[in-house]
Number of protein chains: 2
Amino acid sequence: MSGIQEIAVATGLSKSTVSRALRDLPSVAPATVMAVRRMADQLGYIPSSAAAGLATGRNRTVGVVVPVIDRWFYIRVLEGIDAELRRAGYDLILFNLAGAAGDRGRVFHRSILRKRVDALVLLSLVFDEDEREQLELTEYPLLVIGGPAPGIRHLGIDDHQVAYRATKYLLDLGHTRIAHIGGRDEAGANSLVPGERHEGYLDALADAGIAPVPEWSPNGEFTFAGGHDSMARLLQGPSVPTAVFAASDEMAFGAMVAIQKAGLRVPEDISVVGIDGHAYGKTFGLTTFAQDPVAQGARAARVLLGEVAGQPALPWFEPAPVTFVERTSAGPPPN
Amino acid sequence: MSGIQEIAVATGLSKSTVSRALRDLPSVAPATVMAVRRMADQLGYIPSSAAAGLATGRNRTVGVVVPVIDRWFYIRVLEGIDAELRRAGYDLILFNLAGAAGDRGRVFHRSILRKRVDALVLLSLVFDEDEREQLELTEYPLLVIGGPAPGIRHLGIDDHQVAYRATKYLLDLGHTRIAHIGGRDEAGANSLVPGERHEGYLDALADAGIAPVPEWSPNGEFTFAGGHDSMARLLQGPSVPTAVFAASDEMAFGAMVAIQKAGLRVPEDISVVGIDGHAYGKTFGLTTFAQDPVAQGARAARVLLGEVAGQPALPWFEPAPVTFVERTSAGPPPN
DNA sequence: ATGAAAGCGCTAACAG
DNA sequence: CTGTTAGCGCTTTCAT
């Protein structure tokens with residue numbers, strides 16, 4: 001049924017040698033390795049990760065904590081992490097805080113901090129004092145992807161800058177009446193991202209000498225429906241903007257749909273730009289500032305894996321690259 | 001640093017008692033439990049899942065295998081599974097076959113079958129002889145969610161029936177020129193779902209005495225872009241359908257966008273219905289046949305957890321419920 | 001290049 | 001209600 005032991009007796013070798021052969025450590029005769037190999041899968045040997053983990057203290061597993069999972073960005077990051085982990089023979093344990101029905105604390109203590117993972121990736125999460133302390137107590141390497149997180153190194157784009165660029169792009173096109181569909185605190189994400197992007201927008205406006213219209217910064221909740229509803233409301237306001245900068249592509253799509261529903265055209269009547277590089281962008285013709293979450297995830301996984309293997313910890317990351325993708329959703333303001 | 005042992009000496013109890021107290025087994029004096037508890041977190045005790053796993057043979061983990069992750073359905077199912085698992089104190093290991101860069105076999109042997117999970121959920125996957133054999137060799141309970149999978153019990157909607165109903169709905173509205181945007185074999189999914197849905201469509205047409213137009217069953221690849229492109233092509237054909245039944249909501253959205261881009265209206269010029277119950281549906285006004293993947297995932301998790309706990313295995317599942325959601329994307333054919 | 005022996009940290013009978 | 005005694009299956013010095 002199970003066991004390195006069986007292989008040992010079947011081959012007439014010792015457990016140690018079999019163990020070494022199976023992990024192809026040096027100093028095992030090639031012939032021996034062969035024999036062990038053959039016997040192993042002849043017996044249908046399946047290693048016990050628990051036993052190996054107990055013995056080595058390593059679980060060959062990294063945890064990924066997401067605030068919610070049904071968001072384009074998180075999913076792509078997950079893909080990037082997964083691919084890299086898989087390549088290294090590591091498994092990925094997913095912790096979805098949203099699934100915990102508000103019981104974030106329990107997930108934290110009972111699951112995440114359990115000695116089950118060798119490293120941890122936190123997605124767009126900000127932590128309170130207590131949580132941060134807990135995290136620091138953990139021995140393993142960790143990092144945040146997505147938003148800056150006070151006290152923890154983080155990997156991601158420069159949110160403020162990209163928002164500034166996006167707004168500036170609209171400004172340069174001639175727009176002066178620019179709205180920003182952003183978010184507040186994402187469901188449990190407690191992330192700094194929405195704020196950073198809003199600031200970037202505000203700063204670009206300020207640098208252009210334009211006073212922001214308070215009603216023009218609705219909360220799109222970082223969802224398609226939220227973007228749509230925000231735009232619909234904007235369209236009914238006493239004065240309507242000629243351009244919209246959405247803090248995420250999904251919200252931008254929602255806004256575009258709302259604009260079209262209202263019988264207006266993009267970009268002739270209203271221009272729209274987003275941030276992300278969502279797959280739907282091409283079809284929607286959305287002009288956007290694309291980031292590469294898959295690469296970010298892969299990068300994170302590589303760094304973590306390296307550190308688990310003993311490499312010195314990287315204290316911080318340079319900002320992840322952003323690519324401007326010009327399509328057809330933005331143009332000069334009407335008339 | 002670690003260990004139940006430390007707590008034992010610190011409290012003057014034995015390892016066993018501490019172990020019992022920590023897991024609140026019966027037959028431990030309440031006072032003892034208290035004492036152990038306090039000492040445990042005073043010492044910052046973190047249990048070793050590897051040790052527990054080795055001792056019990058249980059890992060408190062279930063694996064979920066997805067063909068690709070960036071699909072609405074899989075993500076929702078994942079949420080359902082995760083929530084239920086979390087509640088039971090189980091962890092979820094994610095296996096993304098797409099991430100394996102075609103190396104499906106390796107993921108299979110090196111990871112999935114490793115003795116690391118207590119149960120397995122397979123999403124919309126069909127297996128070849130060899131894989132099925134391997135799966136049967138595993139001791140733990142498993143099931144497929146999504147598509148029927150020969151040889152393995154499966155939980156999901158009745159794909160043929162829902163497709164039949166969707167087509168019938170269009171037929172009853174008076175349409176006779178109905179196209180079907182479906183899929184072939186999803187990227188590595190190797191699923192039976194697309195075929196079943198196509199059959200349902202064909203059968204409904206046949207029952208209505210309508211001969212299908214071969215060109216009207218394009219492959220939308222189950223993606224938004226695929227749905228869009230398929231529809232765009234349909235629109236350029238020598239003859240254009242008055243209604244489209246998309247095998248998934250995402251493809252339906254793509255089709256709607258293509259229709260609008262062509263200057264046509266939904267449903268006045270062309271009706272569209274989908275399958276799924278995607279969150280975007282409300283905004284798009286899509287009439288669809290909604291399923292509840294979160295519930296399916298939760299159900300699966302509950303069943304598996306029960307079986308891990310010793311309950312007898314459920315041999316099969318009744319089809320998951322489908323709810324007809326009538327919105328505004330379908331109406332009678334023009335003129 | 002291979003073997004022997006001692007654990008890794010916890011659970012599970014079996015006593016008491 | 002609590003303690004003792006064995007392991008779970010693998011890795012890892014230390015010998016040989």
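Naming: A, B, ... by sequence-line order, numbering from 1 per chain. All of these numbers come straight from a predicted model, not from anything done at the bench.
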**Student:** Quiz question: by atom type and distance under 3.5 Å, do the side chains of Arg116(B) and Ser48(A) form a donor-acceptor pair?
**Tutor:**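 Their side chains do not contain a donor-acceptor pair, so the 3.5 Å distance test is not met.
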
**Student:** Considering only heavy atoms, which members of residues 21-32 of chain A lie under 4.0 Å from some atom of DNA chain D?
**Tutor:**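 When residues 21-32 of chain A is checked for heavy atoms under 4.0 Å from DNA chain D, the hits, listed by number, are Arg23(A).
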
**Student:** Under the side-chain contact (heavy atoms from CB on, under 4.5 Å) test against Tyr90(A), which residue among Ile81(A), Leu85(A), Asn59(A) passes?
**Tutor:**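 Of the listed residues Ile81(A), Leu85(A), Asn59(A), the side-chain contact (heavy atoms from CB on, under 4.5 Å) partner of Tyr90(A) is Leu85(A).
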
**Student:** At less than 4.0 Å, is any side-chain N or O atom of Thr17(A) found next to OP1 or OP2 of dT2(C)? Yes or no.
**Tutor:**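 No, no such contact exists.
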
**Student:** Would you call Arg299(B) and Glu318(B) a salt bridge, using N to O less than 4.0 angstrom?
**Tutor:**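 Yes, charged N to carboxylate O under 4.0 Å.
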
**Student:** State, to 0.1 Å, how close Ala119(B) and Leu304(B) come at their nearest heavy-atom pair, and which atoms those are.
**Tutor:**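 For Ala119(B) versus Leu304(B), the nearest heavy atoms are CB-CG, 3.7 Å.
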
**Student:** Between Asp70(B) and Arg76(A), does at least one N-O distance fall below 4.0 Å, as a salt bridge requires?
**Tutor:**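 Counted as a salt bridge, because a side-chain N and a carboxylate O are separated by less than 4.0 Å.
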
**Student:** Using only atom types and a distance under 3.5 Å, with no angle test, would you say the side chain of Asp292(B) pairs donor to acceptor with the backbone of Ala295(B)?
**Tutor:**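 Checking the backbone N and O of Ala295(B) against the side chain of Asp292(B), a donor-acceptor pair under 3.5 Å is found.
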
**Student:** When the distance from CG of Asn59(A) to P of dC8(C) is rounded to whole Å, what number comes out?
**Tutor:**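 Answer to the nearest Å: 16 Å.
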
**Student:** Using heavy-atom distances to pick each residue's nearest nucleotide on DNA chain D, tell me which of Leu54(B) and Leu13(B) is more 5'.
**Tutor:**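 The residue mapped nearer the 5' terminus is Leu13(B).
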
**Student:** What is the nucleic acid contact for Ser16(B), judged by heavy atoms within less than 4.0 Å: base, sugar-phosphate only, or nothing?
**Tutor:**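 Contact class for Ser16(B): base.
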
**Student:** Can you give me the first and the last nucleotide of DNA chain D (5' to 3') that has an atom within less than 4.0 angstrom of a non-hydrogen atom in chain B?
**Tutor:**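 Going 5' to 3' along DNA chain D, contacts run dC1(D) to dG9(D).
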
**Student:** Hey, is Glu79(A) close enough to Arg71(B) for a salt bridge, meaning N to O under 4.0 Å?
**Tutor:**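 No.
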
**Student:** Do Arg20(A) and Ser16(A) have side-chain N/O donor and acceptor atoms under 3.5 Å apart?
**Tutor:**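 Ser16(A) and Arg20(A) do not have a side-chain donor-acceptor pair below 3.5 Å.
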
**Student:** Between Asp82(B) and Arg87(B), is there a salt bridge with N-O shorter than 4.0 Å?
**Tutor:**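 Asp82(B) and Arg87(B): not salt-bridged.
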
**Student:** Starting at CD of Gln5(A) and ending at P of dA4(C), how long is that distance when rounded to a whole Å?
**Tutor:**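 Atom-to-atom, Gln5(A) to dA4(C), this comes out as 11 Å.
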
**Student:** Rounded to whole angstroms, how far apart are CD on Glu6(B) and P on dG9(C)?
**Tutor:**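 Checked: the CD to P distance equals 9 Å.
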
**Student:** Could a donor-acceptor pair under 3.5 angstrom be found where the side chain of Thr56(B) meets the base of dA12(C)?
**Tutor:**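 No pair found.
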
**Student:** Taking the side chain of Lys15(A) as its heavy atoms from C-beta onward, which of dG3(C), dA6(C), dC14(C) lies nearest to it?
**Tutor:**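 Closest nucleotide to the Lys15(A) side chain: dA6(C).
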
